[in-house]
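Convention: sequence-line order gives letters A, B, ...; per-chain numbering from 1. Keep in mind that the numbers below use all heavy atoms, side chains included, and drop hydrogens, waters and symmetry copies.
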Number of protein chains: 2
Amino acid sequence: MGKRVLNFFAGPAGLPLPALERARDEILDFSGSGMSVMEISHRAKEYEAVHEEAIALVRELLAVPEGFKVLLLQGGASLQFAMVPLNFVHGGKTADYVVSGKWSQGAYKEANLAVGAAAKVAASTESEGFRRLPRVDEIRHTEGAAYAHVTSNNTVFGTQWRTFPGTAGVPLVADMSSDIMWRPIDVRPFGMIYAGAQKNLGPSGLVVAIVREDFLATARDDLPSMLRYKVHASKNSLHNTPPTFSIYILRNVLAHYKAMGGLAAMQVQNEEKGRLLYGCIDAHAGFYRGYVTEKADRSVMNATFHLPTPELDAAFVAETRKNGMVGLKGYRDVGGIRVSMYNAVRVEDVRTLVSFMEEFVRKHG
Amino acid sequence: MGKRVLNFFAGPAGLPLPALERARDEILDFSGSGMSVMEISHRAKEYEAVHEEAIALVRELLAVPEGFKVLLLQGGASLQFAMVPLNFVHGGKTADYVVSGKWSQGAYKEANLAVGAAAKVAASTESEGFRRLPRVDEIRHTEGAAYAHVTSNNTVFGTQWRTFPGTAGVPLVADMSSDIMWRPIDVRPFGMIYAGAQKNLGPSGLVVAIVREDFLATARDDLPSMLRYKVHASKNSLHNTPPTFSIYILRNVLAHYKAMGGLAAMQVQNEEKGRLLYGCIDAHAGFYRGYVTEKADRSVMNATFHLPTPELDAAFVAETRKNGMVGLKGYRDVGGIRVSMYNAVRVEDVRTLVSFMEEFVRKHG
């Protein structure tokens with residue numbers, strides 16, 4: 001095996017090595033079954049144990065209380081962009097969208113395709129290039145809306161909600177694809193949380209959703225089965241064949257988080273990574289030019305900045321790659337550099353990158 | 001590693017060992033990248049090569065001609081049950097459903113949820129317990145229908161179309177989830193073919209679809225993006241993050257088929273497995289009581305039969321398990337025994353099972 005690189009991809013992203021090593025060791029013979037977990041019927045007891053453990057670990061790590069269902073779905077957050085409004089916007093109701101970046105904009109656009117003008121923009125910072133989050137006083141909530149939708153972390157632009165905005169009694173629905181489990185959160189204020197797995201949870205092709213039962217009760221009953229949350233909830237996400245191997249990797253990743261000390265331990269690491277990286281940016285603010293204008297809105301998952309010229313951006317990406325660090329090129333809408341530091345990125349990995357950044361500014365600054 | 005069992009599960013099902021060994025060897029370091037393939041951005045060149053190779057292998061093995069798109073989708077065949085009518089039944093059109101088993105019935109029911117009475121039953125053998133396929137003269141095609149839907153192989157009941165029914169000029173849409181690539185076929189008569197991967201192609205959570213471009217052109221343009229075939233086709237199945245690891249395993253499985261001699265070689269093996277298994281059933285017809293009444297309709301993928309008593313059925317399942325053979329219990333709607341013999345099941349595996357069956361009938365017959 002070659003040397004493992006330091007993986008700063010924005011997603012699919014690095015996974016904890018122990019989760020992958022466990023998969024390697026079991027891939028031909030899962031749990032003494034004489035089969036790979038991906039070769040086992042989803043109705044067989046060997047798979048059912050994995051399914052239940054994955055769900056139980058989501059509940060345990062996020063302290064999901066009674067009255068919430070945990071669902072394992074397919075189609076990425078992008079399918080949730082359609083399913084949320086299809087299920088919850090009906091009977092003359094509307095839905096509010098807080099547009100703070102590329103994916104929340106995507107969620108709004110898909111809601112518009114699904115339910116038309118019933119989807120409303122409650123706030124947007126697009127005119128400012130999404131360099132900050134909307135302030136609470138800028139958000140116009142619609143009375144009696146079915147829900148208010150927010151994206152917890154903006155992967156492309158590098159902003160993140162530390163405190164979620166109040167919603168005047170309307171259920172809050174959050175796309176947490178790029179920061180779920182970065183720290184402990186209080187799940188209770190949310191009507192629904194959903195997250196594509198491919199940043200903090202596992203491989204792509206799997207979505208974890210957490211739905212409050214009283215909110216779920218307001219969902220439609222007349223959609224095709226695969227688009228109906230109530231069907232997935234009533235069948236414990238076994239209405240049809242689930243993505244069994246992806247759920248198995250989710251189990252491995254979450255078991256690793258638990259062994260590491262759970263989400264409190266993740267938060268300590270993530271805050272330290274953010275402190276190191278933004279510390280370097282702020283120490284060389286003329287060279288590493290942060291994209292986000294409000295420091296309070298900075299994401300500890302995705303840090304975005306530009307170097308003084310596009311040529312230096314390109315040199316930075318090329319040199320990091322030579323030094324075994326990949327995935328640092330910024331998203332095409334923003335350019336520059338993006339450092340994605342999901343849970344699998346270790347403090348020492350960020351320390352290595354920051355050392356490189358110090359050296360790079362000495363050479364080119 | 002423990003001994004690998006003989007896997008007769010109906011799906012998720014056994015996969016070719018070389019495809020899994022390749023995954024094991026590369027799981028921490030794909031192609032010298034220093035990452036698992038599931039840790040690589042779906043926009044990175046290392047993943048793109050896998051994506052393109054998987055699609056190229058589908059095209060090569062099935063001899064998919066120009067004028068057809070190959071799509072890689074999520075949500076299983078169950079989501080296709082909704083997407084097919086949502087995309088193609090509009091503008092006053094209807095769709096015909098040939099109902100020959102559990103999953104074609106499911107496809108019809110979901111179409112009914114999606115487009116109401118515009119989904120029509122063109123034929124059904126439900127009143128006969130799906131023990132045979134509808135005869136061609138029993139199928140009532142609707143003139144000008146958007147498509148006629150058929151399920152190529154009925155996993156639960158054990159029937160399979162050797163020759164697909166004509167459709168009076170209406171595009172034929174086939175769910176081939178449980179027998180795609182069991183042999184070479186002529187793709188040209190089909191408007192669309194779709195297949196969940198978890199029987200003959202790879203892990204669950206991935207769907208392969210083949211769509212004729214002139215049929216695709218009739219699909220709706222106003223659905224949410226993830227539900228729109230035209231979006232997936234125009235983005236080469238990279239509209240959102242695809243299930244990258246599942247596609248990687250698909251690549252491994254298809255590369256193995258190619259190395260084995262392609263689908264012509266698969267057919268030789270599959271016909272031989274069917275000959276062995278049904279030969280044993282017919283030689284002991286009073287003991288192994290085939291569920292399917294028309295021998296011409298028998299599936300070479302899933303053979304279904306009952307022993308003289310439910311106790312003997314249970315004893316058969318228990319003893320096969322003791323002998324390292326799993327997955328032989330019949331589906332709950334049918335009971336008895338089901339022998340699933342997808343491409344990964346080798347002729348020698350069926351020979352082992354048949355030897356067991358000969359011994360079992362000597363002891364209990």
Side-chain angles (χ1 to χ4, degrees), chain A residues 1-5 7 9-15 17 20-21 23-24 27-29 32-36 38-42 44 47 74-79 81-82 86 110 113-114 196 198 202-206 222-227 239-246 249 324 326-327, chain B residues 1-5 7 9-15 17 20-21 23-24 27-29 32-36 38-42 44 47 74-79 81-82 86 110 113-114 196 198 202-206 222-227 239-246 249 324 326-327:
Chain A
M1 188 184 87
K3 190 174 189 299
R4 296 259 302 167
V5 294
N7 186 336
F9 272 128
L15 293 171
L17 188 58
L20 292 174
E21 288 173 333
R24 177 197 60 198
I27 200 164
L28 299 184
D29 181 14
S33 67
M35 295 172 275
S36 179
M38 70 183 105
E39 299 177 297
I40 300 176
S41 168
H42 58 299
Y47 173 70
Q74 294 185 56
S78 295
L79 185 56
F81 294 170
L86 285 173
E110 295 301 323
L113 283 163
Q198 68 269 21
S204 57
L206 173 63
D222 56 354
L223 297 165
S225 304
M226 283 297 288
L227 300 178
H239 165 67
N240 74 331
T241 314
T244 55
F245 188 77
S246 301
I249 297 286
V326 302
Chain B
M1 188 185 86
K3 190 175 188 304
R4 296 261 301 169
V5 294
N7 187 336
F9 272 126
L15 293 171
L17 187 58
L20 292 174
E21 288 172 334
R24 178 198 59 198
I27 200 164
L28 299 184
D29 181 15
S33 67
M35 295 172 275
S36 179
M38 68 184 108
E39 299 177 297
I40 300 175
S41 168
H42 59 298
Y47 172 71
Q74 295 185 56
S78 295
L79 185 56
F81 294 171
L86 284 172
E110 295 301 323
L113 283 163
Q198 69 269 22
S204 57
L206 173 63
D222 57 354
L223 297 165
S225 304
M226 282 296 288
L227 300 178
H239 165 67
N240 74 331
T241 315
T244 54
F245 189 75
S246 301
I249 297 286
V326 302

Student: Of the backbone (N, CA, C, O) and the side chain (C-beta and beyond), which part of B:Ala44 lies under 4.5 Å from a heavy atom of chain A, both, or neither?
Tutor: side chain
Student: Going from CG on B:Asp29 to NZ on A:Lys3, what distance comes out if it is rounded to the nearest 0.5 angstrom?
Tutor: 11.5 Å
Student: Hey, does B:Leu20 have a side-chain heavy atom less than 4.5 Å from the side chain of A:Glu39?
Tutor: yes
Student: Sort out for me which of B:Leu206, B:Val326, B:Thr244, B:Leu86 touches chain A most, counting heavy-atom pairs under 4.5 Å.
Tutor: B:Thr244
Student: Going from CD on A:Glu110 to CG on B:Leu223, what distance comes out if it is rounded to the nearest 0.5 angstrom?
Tutor: 10.5 Å
Student: Considering all heavy atoms of both residues, which atom of B:Ser36 and which atom of A:Arg4 are nearest to each other, and what is their separation?
Tutor: N-NH1, 3.6 Å
Student: Please classify the contact between B:Ala114 and chain A as side chain, backbone, both or neither, with a heavy-atom cut-off of under 4.5 Å.
Tutor: both
Student: Within the structure provided, determine whether B:Leu79 and A:Gln74 are in side-chain contact (heavy-atom separation under 4.5 Å).
Tutor: no
Student: With a 4.5 Å cut-off on heavy-atom pairs, point out which of A:Ala10, A:Gly14, A:Ala82, A:Ala13 contacts chain B the most.
Tutor: A:Ala13
Student: Of the non-hydrogen atoms in B:Met226 and A:Gly75, which two are nearest, and what is the gap between them?
Tutor: CE-O, 3.3 Å
Student: Heavy-atom pairs under 4.5 Å with chain B: which of A:Ala23, A:Ser33, A:Ser41, A:Pro243 has the most?
Tutor: A:Ser41
Student: Please classify the contact between B:Asp222 and chain A as side chain, backbone, both or neither, with a heavy-atom cut-off of under 4.5 Å.
Tutor: backbone
Student: Which residue out of A:Ser204, A:Gly32, A:Gly205 racks up the most heavy-atom pairs below 4.5 Å with chain B?
Tutor: A:Ser204
Student: Specify which of A:Gly11, A:Gly324, A:Gly196, A:Ser225 makes the most heavy-atom pairs with chain B at under 4.5 Å.
Tutor: A:Ser225
Student: Nearest 0.5 Å, what's the OG1-CD distance between A:Thr241 and B:Gln198?
Tutor: 4.5 Å
Student: Where do B:Gly76 and A:Asn240 come nearest, in terms of heavy atoms and distance?
Tutor: CA-ND2, 4.1 Å
Student: Is there side-chain contact between B:Pro12 and A:His42, with heavy atoms separated by less than 4.5 Å?
Tutor: yes
Student: Measuring heavy-atom distances to chain A, does B:Leu227 have an atom under 4.5 Å in its side chain, in its backbone, in both, or in neither?
Tutor: side chain
